[in-house]
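Each ligand, and each atom within it, is numbered from 1 in the order the structure gives.
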Amino acid sequence: MVYCVGFLCIIKKIKEVRISFMRMVDIIEKKRDGHALNKEEIAWVISEYTNNNIPDYQMSALLMAIYFVDMTDEEITHLTLAMAHSGEVMDLSSVAGTKVDKHSTGGVGDTTTLILAPLVASVGVPVAKMSGRGLGYTGGTLDKLEAIPGFKIEVTDTEFVEMVNESKVAVIGQSGDLAPADKKLYALRDVTGTVSSIPLIASSIMSKKIAAGADAIVLDVTTGDGAFMKNLTDARRLAHMMVRIGALANRQTMAVISDMSQPLGEAIGNSLEVVEAIETLQGNGPADLTEMCMVLGSQMVVLAKKAESLEEARALLSGALASGKALEKFREMIRNQGGDDSVVDHPEVLLTARYEVTLPAKQSGIIQKMVANDLGIAAMMLGAGRKTKEDAIDYAVGIKLHKKVGDAVQEGDTLLTIYSNQQDIKDVIERIEQSITIGKSGEEPVLIHEMITE
Ligand code: URA
Ligand code: CA
């Protein structure tokens, strides 16, 4: 509803006339010719596109111009904030304490959220987390959680806030109206060859994080074959950009650049990753996954001011793993969200795949490569992921690695186990075999490349 009386009405009319004078074609040409768009132009584009007043063909042209011309820091910030405010912005002010969110730019076998959310909550940091689903070769936290029988990822805003206030933790699906501009833009980018633009990725991720309402944000920017950012230079630029946007939006933000050339941990696939999360919360997880959780978790604890230094934070988290407090928090989170918490004591009940096939090493040597995206694609072919948004997921299937990059193997050693519900998996095995390189020598893999703060 619009109230306008006399003089105010005239001012409003003048404004409307001025705004309606903006033309999308002028904005496309301005960007195409290498100029920076101003705040009003960006706000107008986002608002008009979200309201279906700009057709996809014009928006596609602008996205492609942005892809080639790039954007200044000011433009990216205006774009992010316009997208963040294109729909509902979560109000978490009724949750006590500094709310910390964590976001990964995507990977294969990335089980960290399942572990981090209860781990960090168990030392008193409120974790109000909205997660996403997997698409293509990358897995999604929501799909993994739904591998737990009964687990509910759709809750009302009120239930969400209540859970976080009472238990310090809830991991749910993104609410329908959060950053609708991003939803439309992402779908368009997906089919116009404009996904891999750093300003567009930065604004897409940060708009959702800002709309989700956390006070502080820890970003895990992955790099390598299994990540959006294939090299360290691009990962660094994306990380710096997102940290700067976070600061300008008044959210304490830091980024960790981590390696995603091989999968994280040993499990790839939904139920397998739930089992892996439980083992890690019991203190028996894979070394790289455990370390990743300690690094990201310590940053979250410090941002939430529950510890003064990263060392102190790490000690708190190690204590919570050793005492079983973190595992108990996971049990509580499952119960709160309607899931069957007996899986915590009997995770093996989730592993129901009909066939288990092991893959032996074809030669002796050191493992030089286990290419993350190929293994992610292999898991997807088994049914662990979606080719299109509508595909159903088979929770039970996936791959469990017994060896990782840097390990020495003898010919015939078991490299991995494939969990399948199909008998004929020739194509999958072929894909997996392509992804693994064994050579005479090898280097220790790097887990964390850099930490980036303001
Ligand atoms: N993840 C997002 O949410 N958006 C992107 O553009 C890329 C990764
Ligand atoms: Ca994993």
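Ligand 1 has a nitrogen or oxygen under 3.5 angstrom from a nitrogen or oxygen of Lys208. The shortest N/O to N/O separation between Thr105 and ligand 1 does not fall below 3.5 Å.
Atom CD of Glu291 has more than 12 heavy atoms from other residues, nucleotides or ligands within 6.0 Å. Around the CD atom of Glu348, the shell of radius 6.0 Å holds more than 12 heavy atoms that belong to other residues, nucleotides or ligands.
For the pair Ile205 and ligand 1, a heavy-atom separation below 4.0 Å is found.
Metal site remark for the Ca ion (ligand 2): Leu272 contributes no N, O or S atom at a distance under 3.0 Å. For a distance bound of 3.0 Å, the N, O or S atoms of Leu264 include one lying that close to the Ca ion (ligand 2). Gly109 lies close to the Ca ion (ligand 2), since one of its N, O or S atoms is found at a distance under 3.0 Å. Residue contacts to the Ca ion (ligand 2): Asp110 brings no N, O or S atom closer than 3.0 Å.
Lys400 forms no cation-pi arrangement with Tyr419, by the criterion of a distance under 6.0 Å to the ring centre and an angle within 45° of the ring axis.
Looking only at side-chain heavy atoms (C-beta outward), Met59 and Leu188 come within less than 4.5 Å of each other.
Glu276 contributes atom OE1 as its closest N/O/S atom to the Ca ion (ligand 2).
With 3.5 Å as the limit, one finds no donor-acceptor pair spanning the side chains of Asp345 and Ser342. Checked by atom type, the side-chain pair Asp182/Ser204 shows a donor-acceptor distance below 3.5 Å.
Between Glu75 and Lys31 a salt bridge is recorded (basic side-chain N to carboxylate O distance below 4.0 Å).
Scanning Ala227, Ser204, Gly106, Ser196 for the heavy atom closest to atom 4 (N) of ligand 1 points to Ser204.
Close approach to Phe228 involves these atoms of ligand 1, each under 4.0 Å from a residue heavy atom: 7 (C), 8 (C).
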